[in-house]
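Here is the structure we will look at, set down as structure tokens.
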Amino acid sequence: MADSAARQAPSRRSRNGTRLRAFAAELGEDVPGLIGFLVLVGIVAMAIFAPLLAPHDPAAQSVLARLAPPAWLPRGNPAHLLGTDALGRDVLSRIIWGARATLLVGVAVVLLSGTFGVIVGLVAGYVGGRTDSILMRLVDIQVSFPGILLILLIVSIVGPSLTTIVVVLALTNWMIYARIVRGTVMSVRAAPYVEAAEIVGCGPARIILRHILPNLVSPLLTVAILEFTNVVLAEAAISFLGLGVQPPATSWGLDVASGRDYVYVAWWLVTFPGLAIAITVLSINLFANWVRVTTDPREREKRFGWSKTARRLAGRS
Amino acid sequence: MAAFLLRRLIQGGLVVLGVTFTVFVVTRIFGNPVDLMLPLSASPEQRAAFASELGLDRPLPVQFVQFAGELLRFDFGESTWQRRPAMEVVLERLPNSLLLIGAGLGLAIVLSLPAGILAAQRPGGILDRIVTGLSLVGLSMPQFWVGLLLIVLFAVTIPLLPTSGMGSPAHLVLPAVTLALVPFARLTLLVRSQMMEELNKPYIRTALARGLPHRRVLVGHALRNALIPFLTLAGWELVLALAGYTVVVETVFAWPGMGLVAIQALQRGDLFLVQAIVYVVAVLIVLVNILLDLVFKLVDPRIGLG
């Protein structure tokens, strides 16, 4: 299949254009993956253009308009599509602004922990020996730490804020990257082309960056996307417990927490911010599923099954 | 066997030491226990007396040795909130958490096996799509939100089940279902993909060709081989439940377990109680991990203990 695709690829089109088209074509085959990707793009746009999109100031309070139900219900106010909270703040506007905290924490934590984990994994896998066993023992130890509990303790002592959450989540999520990178580096290091590069006289930096790192892109991408969902859920849980994003800042988890006291009288206060979290995580999961299946040949085989793959091959060639 | 256990115990000891060190650094260097535990109105003399009572005026290494020694003896000091030994509070609440975790994870394990096996029968079929879709949705919902939605549903719409506290078996239903959802989804997806992989292997075809009943091949051959990854993930879910799920689920349903106490103690600045909970959970996680290794050995004779 890869062969026929390569043969079909027209030589005059630029390589990047072909890749983009291949990406779109592959994504089009997987409807849930495509939906996930599009929703995700929508959420990112929502976060970036929050000031333009939000119908109200997310912090503007109005005692008169408090606890208004969603617009389509009786007593609903058309100006507040998803209703208002106990302080009369517009739920929809808060959800739109809340996307910023969620995405910001997710991206920052994945970048920080990913960088740190990749460095540890590269060093452990490349240097090997005692350094490797010490670093990996450290990973083993930290993996067995009581996650959320320890995070809550640290955050409550250092003082809850956006920065604290990012740092603490980054410090507790780097291990998986280190493990994956180390495994890949160890297997790639023994490959003939790396040995050849060493014989030619390439330094360690060049070997790591030019010869080893490209092999890590695909597994790291999948893990990073899945970790992103874990971080989003963790931030929501911590904010829900009152130790994450602090008012007056907005966060979906925080909004669910503040709606909790009104759960019997105003169901929309917990429902919609939580729904925003669930939709975000679900679309990332769908997209990640597609990335995993497309980049891992074993998954491709499992997914399509022998017969279907065979049929596709027969139909294409 | 003895050597294996010894090695695992040493590793577990390192984990506990690591947790102890982290808690020490966080509480003594980033935070000041005196500020946390005494009210703002306390006089400087009171602060100094409290600090010397806790040994906080001594050098840090001395403090650490003292701190670690106390934890090793499970002596966590007196809870400032409940005015009794912190360990007493933990031991009182621990069974409630274990009951909740047992019910939730038990539910997840019992349901995920048939769901995953059925989905793997026809990859891409309707049943497979439903099971996979629902699992992905289950994985994507924050637990606290699921809990609150269940409360809205069962307290407002159909008042059938109690939504907070503990007492009758009915009180257990909603918290257990909430806690079960994420492990169920992850385990189901794993069973499904493992079974699909196993069912593609030649030995399955051979077994079927020999005329063995389909069900026996499924359970006796394929499932048996899929069991190790399943147990690994189930063990991981148990660890996550001990250290995370309980905090969230117990908070939502006011279930009087360790997680709820941890949050309440954090809100009241009851450092000793929080330390005790973190430490006990760390020890439990180490024990669970060692136990799991032993179970693996029982299930799969290929795994050595060397």
Side-chain angles (χ1 to χ4, degrees), chain A residues 32 36 137-138 140-159 229 232-234 236-237 240-243 252-253 256-257 259-260 263-265 267 269-271 273-275 277-286 289 298-299 301-306 308, chain B residues 11-12 14-15 17-19 22-23 26-27 30-32 36 123-124 132-133 136-137 139-146 148-149 151-152 155-156 182 193 196-197 200 239-240 242-248 251-252 258-259 262-263 266-267 269 271 274-275 277-279 281-282 284-286 289:
Chain A
R137 193 50 47 85
L138 211 68
D140 289 342
I141 289 174
Q142 218 195 319
V143 164
S144 307
F145 272 26
I148 291 280
L149 266 179
L150 207 55
I151 292 176
L152 293 176
L153 174 65
I154 298 173
V155 171
S156 78
I157 285 176
V158 181
T229 65
V232 166
L233 287 174
F240 171 75
L241 292 170
L243 289 162
W252 294 336
V256 175
R260 199 184 152 202
V263 73
Y264 297 109
V265 289
W267 56 268
L269 291 183
V270 294
T271 306
L275 193 64
I277 304 172
I279 288 176
T280 308
V281 176
L282 181 63
S283 50
I284 301 172
N285 272 331
L286 291 175
N289 213 24
R298 271 181 54 204
E299 283 293 330
E301 181 184 303
K302 248 196 261 173
R303 175 156 185 202
F304 294 113
W306 279 110
K308 204 168 173 190
Chain B
Q11 201 176 342
L14 284 176
V15 170
L17 188 70
V19 172
T22 312
V23 171
V26 168
T27 54
F30 284 104
N32 183 349
L36 276 170
T132 320
L136 273 177
V137 170
L139 267 185
S140 307
M141 296 196 288
Q143 272 168 326
F144 58 88
W145 187 60
V146 174
L148 287 170
L149 287 188
I151 288 180
V152 170
V156 182
V182 171
S193 79
M196 273 161 71
E197 194 172 327
N200 262 337
V239 168
L240 285 179
L242 275 170
Y245 300 165
T246 49
V247 182
V248 174
T251 307
V252 171
M258 234 171 20
I263 285 294
L266 276 176
Q267 286 162 350
L271 192 59
V274 181
Q275 278 175 8
I277 293 170
V278 171
Y279 192 80
V281 169
L284 281 177
I285 290 176
V286 165
N289 280 329

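Every chain is numbered from 1 and lettered A, B, ... according to where its sequence line falls, protein lines coming before strand lines. None of the values given here were measured: they were computed from a predicted structure.
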query = Taking all non-hydrogen atoms of both residues, which atom of B:Leu148 and which atom of A:Phe240 are closest, and how far apart?
reply =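 Heavy atoms only, the tightest pair is CD1-CE1, 3.9 Å.
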message = Using every non-hydrogen atom in the two residues, find where B:Gly244 and A:Ile148 come nearest and quote the distance to one decimal.
response =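 Looks like CA-CB, 3.7 Å.
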Which distance, rounded to the nearest 0.5 Å, do you find between the [atom1] of [X] and the [atom2] of [Y]?
X	Y	atom1	atom2	value
A:Ile157	B:Leu271	CD1	CG	5.0 Å
A:Ile279	B:Ser140	CD1	OG	10.5 Å
A:Asn289	B:Thr132	CG	OG1	8.5 Å
B:Gln11	A:Ser144	CD	OG	7.0 Å

key: Part of A:Val158 within contact of chain B (heavy atom distance under 4.5 Å)   =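 Contact with chain B: side chain only.
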key: side chain to side chain contact (heavy atoms under 4.5 Å, CB included) evaluation trace for B:Val278 with A:Phe145   = CA-CA 9 Å; B:Val278 171; A:Phe145 272 26; over 6 Å; no
Less than 4.5 Å to any heavy atom of chain A: does that hold for the side chain of [X], its backbone, both, or neither?
X	value
B:Ala282	both
B:Thr246	neither
B:Ile263	side chain
B:Leu136	both

inquiry  = My understanding is that only residues two or more places apart in sequence, or in another chain, count here; which of them pass side chain to side chain contact (heavy atoms under 4.5 Å, CB included) with B:Val239?
reply    =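 Once residues adjacent in sequence are excluded, the partners of B:Val239 under the side chain to side chain contact (heavy atoms under 4.5 Å, CB included) criterion are B:Trp236, B:Ile285, B:Val288, B:Asn289.
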key: Contacts of A:Gln142 that satisfy side chain to side chain donor-acceptor pair (under 3.5 Å) - sequence neighbours left out   =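 Listed in chain order: A:Trp174.
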Residue selection (most heavy-atom pairs with chain A, distance under 4.5 Å) from B:Val146, B:Val252, B:Leu284, B:Leu17 =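 Option with the top pair count is B:Val252.
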task = Under 4.5 Å, counting heavy-atom pairs only, tell me which of B:Gly259, B:Gly12, B:Gly18 racks up the most with chain A.
result =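 Ranked by contacts with chain A, first place is B:Gly18.
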So do the side chains of [X] and [Y] get within less than 4.5 Å of each other, counting heavy atoms only?
X	Y	result
A:Leu152	B:Val274	no
B:Ile151	A:Tyr264	yes
B:Phe144	A:Leu233	no
A:Leu275	B:Met141	no

message = Please determine whether side chain to side chain contact (heavy atoms under 4.5 Å, CB included) holds for the pair B:Val23 and A:Leu150, giving the CA-CA distance in whole Å, both sets of side-chain angles, and the decisive distance to 0.1 Å.
response = CA-CA 8 Å; B:Val23 171; A:Leu150 207 55; 3.9 Å; yes
Chain B contacts, top residue of [options] (heavy-atom pairs, under 4.5 Å):
options	result
A:Leu153, A:Thr280, A:Leu243	A:Leu153
A:Ala278, A:Gly274, A:Gly253	A:Gly274
A:Val263, A:Thr271, A:Val265	A:Thr271

query = With no hydrogens and no angle check, is any side-chain donor or acceptor of B:Trp145 less than 3.5 Å from a backbone partner on A:Val256?
reply =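 No; judged by distance alone, with no hydrogens or angles, the pair does not exist.
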message = Using only atom types and a distance under 3.5 Å, with no angle test, would you say the side chain of A:Trp267 pairs donor to acceptor with the backbone of B:Val152?
response =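 Checked: no pair found.
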